[in-house]
Amino acid sequence: MAAFVLMGCTQEQQNKISRDIQNWTGTDGVLEFYAGDKLVRRFLKIDKLSTAMGTDDGKPRSYRFGYGVLDENLNMQADPGEKKVYFEISDFGSNYLFFENPR
């Protein structure tokens with residue numbers, strides 16, 4: 001039955017359903033920031049990136065935010081002493097890559 005329901009959905013609706021499921025179950029995301037071709041920051045164990053919404057108007061803002069472990073030594077591991085922090089990403093001029101941790 002679920003397959004028939006998904007077949008009737010547009011690709012965008014299917015993507016939204018997939019994101020909703022992933023947000024509910026969580027994901028082991030990695031967020032990397034680049035200055036040119038050089039990696040300068042990495043956050044690990046991110047469950048999701050959220051788009052900021054306006055308090056009064058409910059419209060999306062031009063940045064995303066989330067929580068993740070700051071990988072200070074860039075070794076792709078959450079080492080002892082590396083803490084979970086809040087971060088924001090501007091939609092303007094930020095060179096970043098978000099992906100699921102393959103390990």
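Being a predicted model, the structure only gives us computed values, none of them experimental.
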Taking all non-hydrogen atoms of both residues, which atom of R61 and which atom of T51 are closest, and how far apart? O-CG2, 4.0 Å
Is there side-chain contact between V30 and D71, with heavy atoms separated by less than 4.5 Å? no
Would you say V40 ends up clustered with M76 if hydrophobic residues are merged whenever their side chains have heavy atoms under 4.5 Å apart, either directly or through other cluster members? no
Just to verify, what does Y67 make a side chain to side chain contact (heavy atoms under 4.5 Å, CB included) with, not counting sequence neighbours? K84, Y86
To the nearest 0.5 Å, what is the distance between OH on Y34 and OH on Y96? 13.5 Å
In terms of heavy-atom contacts, M53 and G58 come closest through CE-O, 3.0 Å
Can you measure from CG (N73) to CG (D79) and round to the nearest 0.5 angstrom? 5.0 Å
Separation between CG of L49 and CZ of F98, rounded to the nearest 0.5 Å: 4.5 Å
Between the CG atom in N95 and the NZ atom in K38, the distance rounded to the nearest 0.5 Å is 14.5 Å
For E82, check side-chain hydrogen bond (donor to acceptor under 3.5 Å, both in side chains) against everything at least two apart and list the hits. none
Inter-residue atom distance S62.OG - E88.CD, 0.5 Å rounding: 10.0 Å
Sorted by chain and number, sequence neighbours left out, side chain to side chain contact (heavy atoms under 4.5 Å, CB included) with L70 holds for R41, F43, E72, V85
Determine whether a donor-acceptor pair (N or O, by modelled atom type, separation under 3.5 Å) exists between the side chain of R42 and the backbone of L74. yes
K83 versus V69: any side-chain heavy-atom pair under 4.5 Å? no
When hydrophobic residues are tied together by side-chain contacts of less than 4.5 Å, even through go-betweens, does L39 share a cluster with L44? yes
